[in-house]
Every structure is written in structure tokens, then in C-alpha cells.
2 protein chains.
Amino acid sequence: MARSITAPDGFGAAATHETFQLPPGRTLDICLNLHNAILEHRLAPGMKLSEDEVGEIYGASRTVVRAALQALAHSGLVTIARNRGAFVSRPGIREAQEVFEARALIEPRIARLAAYAMKASDLKRLKKHMDAEHAALASGDKGKALALSGAFHIAIADIADQQVLSQMVRSLISRSSLIIALYWRRADTTCESHAHHALLKAFSEKDGPAAEEIQKSHIVDLHSGLDLREKQEPKSSLADALKPD
Amino acid sequence: MARSITAPDGFGAAATHETFQLPPGRTLDICLNLHNAILEHRLAPGMKLSEDEVGEIYGASRTVVRAALQALAHSGLVTIARNRGAFVSRPGIREAQEVFEARALIEPRIARLAAYAMKASDLKRLKKHMDAEHAALASGDKGKALALSGAFHIAIADIADQQVLSQMVRSLISRSSLIIALYWRRADTTCESHAHHALLKAFSEKDGPAAEEIQKSHIVDLHSGLDLREKQEPKSSLADALKPD
DNA sequence: TGATCAAAAATTGTATACGATCTAATTTGT
DNA sequence: ACAAATTAGATCGTATACAATTTTTGATCA
């Protein structure tokens, strides 16, 4: 039946079976497909993921869908509430801060390791990634551009050939996508490309320390593109909301 | 029926519901119980975890057990092979290296943050942790002592109040337990206590940089306690194994 | 005796059924 | 008309049944 659901359009496939530590199978297919949908902002934070509904879409029974949703829950993209079901996660401000602080700790190190491990073929792959990113941006597909931008970071981690750290980065970048969906305030996403270009230059020169430094600045810059001020909580009651007005 | 399976003996409960991102329920109970069993080396790496067998033990159906095993697979403690079932993970040498390198990157940072956030009550809790660790060691329960040693590191992460990094450390420490089960070569585990004592001193003085440095040395020291030389692979066939002898 | 193949047993993958819980719509009472 | 209570519907949690796959067993033959 429905096998190989995820459209394998070359890039964008930020997640693999290792991301979820699941054996190949329909559960994994659904996982990856939902994962991509969330990363490309086709599913908004907070959206309900009903087991029946998802199962209907993929032509699978609840058993399989449940497993997929639980796997996504473990990776932080989905939140499960007992007897209430699964929702696309809505990371709070606090979590957003921590995710980017963690990225600022881990990714620069990875960038340095990647610079040392970089081969000519790797460089070429990274360049192709960037081109795809530009193309998506030019065609106005913001969701895809963002997903590709994340895939660029993941590609670096893969080149560094550190599976443990790579896994962490994957998770952090997935969560970053949700955070950006919720808190991004900057109109231009072009800054992205500049940093990625600079990284590529450092990589081509096998300059580890430079790559590390650029990556750190890049993450800090991304972080600063978020509006993480405490939002006005929705008033607890309608009366409270209207009284002072 | 069987609810609250995990014996809540104060410490040792290194995992919470956040570790698995699961809502409270029987699945989580089984998760936590298996988690503890693995961390205390009551379940050896490579051991088969049959769904029926586990279900029998906890008086639960396969549905629930499967979910628990998959959650443990996501956290890396269990490996699932399609159509073959779940096994306690056997991390390889490469993974062992990477896990301790990741700890050396993350935990010192956490130690520094913890030093700044340390309150008197936190210090007292850490001291109690250490006492429990000593007691377990004195009573000869090596498995429990190791689990408590891990819990000490996790307690630090909790004090630092960084949930994202804390979650990562939890995962790394769980995997470290498997790695130690497979590759530990040192007889004395006392070095542990010295490092933990030194950390406590730095914490009590709110000396962040010192805590960071001590923690880094401590992790490197743990790493050096492993025998990660390439082992002779088991011969591909029995004939090959016996011929040269 | 040892290797090869076939059948049986055991184990996992998936679908479905039923009870429990939550959500909402409707009713009821003031 | 509004709030509280009740009922109906939808959704989740769990057990169980059957199909698919692997592993073990046992038979056959060189």
C-alpha cells in the first residue's frame, strides 16, 4: 500500500530513521512526513493531530499513527496530553531561549570539526544546498527555504561525522523551526545566506577556528532575530479582559 | 492494577516523565522501571526484551509494552530491529567516544551555570546524593552506586535550571551507563567521589569557572577509565574461530 | 556426522473492538 | 437570559485477534 510517502525531492529531508531510532516501516514514513510538514510550516504550532484524521490521510490504522506521534513527541515536535491527544508543540519563550543557547554551545564546535573533516565532495554538496535555499527563497516558498536553511546546518553536522552531536543538532534545529514560526520578527531572511556563505569560505580554507567563530555569530544573530518578549497572557476571564478598558 | 511500579527509594530516579515526553500512565511506568533496571546494570547490553515477556512481568498488554520499548529506543537505551524485536543497546566504541566528548562539551557549561544558580537547599540535596552514593558503594551495590553517580550529574543539571541542556545530559548519562557496563576497566570507582567532592566545594563558593574546570577534568577522567581499544571481532564462522588454535 | 531444506513454533506488525475520558451541545432550573 | 447540570458525540487508552516474518526444530540425504 502507501509506501514511501515522503516526496524525496533531494533536500529538505532533514530527518532520517536515526532521528527517531525507529526501524524502517510505515511508522517511520509517517514520522518523516509529519516532520517535514512541521519543518516547512505547513502544520502550525498548536494544531491538533487527531489519530483518526492522520490515519485517514496516510491510510494507516491508529496503531501505526500513535507510534509515529509518540516518536515525534520524543523529539519535541509534538506534545501529547493524556486523553486529549497530540498537538504540534508550542515552545514557550523560555524554551526558545534555551534552544538557541544550546545551539550556540554545540554548533560552533561542530563547525570547527566539520572544517577539519571537509572534503571537496562535501563542499560541493553544501554549495548545492545553498543554491536550493536561494531557489526556494526566490520562488517565494518561505517554509521550504527555512527547512533548507536548517538542512544546511544538519549537513555540516553530518560532515563533522559526529553522530551523537549531530543527533542533538537535528533535534535543536527541528525545535528552532517551531520557535521561528512563533517568534520570528525580522522580514529579511537574507542574513542567513550571508552567514552560510562565510561558513563555506572558512570550510574551503579548512579554517576551523574561523568556522567556529562564524557559526557562533550566526546562531547569536538568529537568536536576536526572535521577539522573545513576554507576551500579554490572555486574561483569565472575559470580565477581567474588559474591565480596565 | 499494577500502578506505581518503580520503587521510589528517594534517589536513583534519574528519569522523569519529561525524559520520555510521555504523559503519565502505565507506558511511562514501564519505561521508568526498565530505565532504572538498565541504569543499575540489572539488564545487560544486548539482552532481548521480548514484548510478551515484559508484558507478563508488568501485567500489561503488548500495546503498552511496545510503546514503552519504543520510547526507550528513542532515548537510545534500547535498539529495535524490525521483525526481530527490542534489545538493550550495545553502544560501539565510536559511540562511546562521542558520548563522552559530548559530555565534555556540555556538562562543564552546566556546572558553571549551576554554580551561579546554587542555593543552600540545593547544596544540601547534592550532599545527600553523595552520601547515598557512598552508602551504596559501601554496601557493595555497584550498580546502584553507578546509577547514583549519574543522578548526581543530573541533579547538577536540574539546579542549573536549563531544561534543554538538562535533557541532553540525561540522555548522555543513560548511555554512559551502558558504555561503562561494556568498557569500564578501572577497579576503583572512588575517583568519582573525589571529583564530586571538589565540585561541591566549588559550588558552595559559587565559583563558576572552577566548577566548570573541575567538571571538565572529571568527565575526561571518566573517559580515560574506559578501555576503548578495538576488540577482536568475533570470527565470522565457528570454523575460522577454531582453526588457528 | 554434518549440511541442507521443510515444517512448526514463536515473535513481531497491524487492524480492530470496546471501555474510559474528554468535549460540546442540549436541556433544565432559577 | 444566564448558569449549571446532563446527555450525546468524539477521541483516546488498552486488549485482543489475525497476518507477516523470523527463528527454531526436525527430517532428509550425501
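Chain A is the first sequence line, chain B the second, and so forth, proteins listed ahead of strands; every chain is numbered from 1. Heavy-atom basis, side chains included; hydrogens, waters and symmetry copies ignored.
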| query | So A:Phe20 and A:His35, would you call those rings parallel, tilted or perpendicular, with 30° and 60° as cut-offs? | reply | perpendicular
| Between A:Asn83 and A:Val64, who's closer to the 5' end of DNA chain C by nearest nucleotide? | A:Val64
| task | Please determine if a side-chain N or O atom of A:Arg84 lies less than 4.0 Å away from the OP1 or OP2 oxygen of C:dT23. | result | yes
| request: Could you tell me the separation between the CG atom of A:Leu49 and the P atom of D:dT11, rounded to a whole number of Å? | output: 13 Å
| Judged by modelled atom types alone, do A:His41 and A:Ser177 share a side-chain donor-acceptor pair under 3.5 Å? | yes
| message | Using whole Å, what does the distance between atom P of nucleotide D:dT11 and atom CZ of A:Phe87 come to? | response | 11 Å
| said: Between B:Lys48 and C:dT12, is there a contact of a side-chain N or O with OP1 or OP2 at under 4.0 Å? | reply: yes
| field | A:Glu133 versus A:Ala145, closest heavy-atom pair with distance | value | CG-O, 3.9 Å
| task | Kindly indicate whether the side chain of B:Asp29, heavy atoms from C-beta on, has any atom under 4.5 Å from the side chain of B:Tyr58. | result | no
| task | Give a yes/no on whether any side-chain N or O of B:Arg26 is located under 4.0 angstrom from OP1 or OP2 of D:dA15. | result | yes
| field | Of the listed nucleotides D:dG13, D:dT11, C:dT14, the one nearest the side chain of A:Arg82 | value | D:dG13
| Taking the side chain as C-beta and beyond, is there a heavy-atom pair between A:Thr19 and A:Gln167 under 4.5 Å? | yes
| message | Without decimals, in angstroms, what is the distance between A:Glu56 CD and C:dA15 C1'? | response | 14 Å
| Which of these nucleotides, D:dT16, D:dC12, D:dT21, is closest to any side-chain atom of A:Glu51? | D:dC12
| Whole-Å gap separating P (D:dG13) and OH (B:Tyr58) | 21 Å
| remark: Separation of C:dT14 atom P from B:Arg66 atom CZ, nearest Å, is 7 Å
| task | In whole angstrom, give the distance that lies between atom CG of B:Leu69 and atom C1' of C:dT11. | result | 13 Å
| field | Rounded distance in Å - CD1 (B:Ile80) to P (D:dT21) | value | 19 Å
| message | By the 4.0 Å heavy-atom rule, please label B:Thr63 as base, sugar-phosphate, or nothing. | response | base
| request: Tell me which nucleotide among C:dT21, C:dT12, C:dC18 gets nearest to the side chain of A:Arg62. | output: C:dC18
| Whole-Å distance between D:dT14 C1' and B:Ile30 CD1? | 11 Å
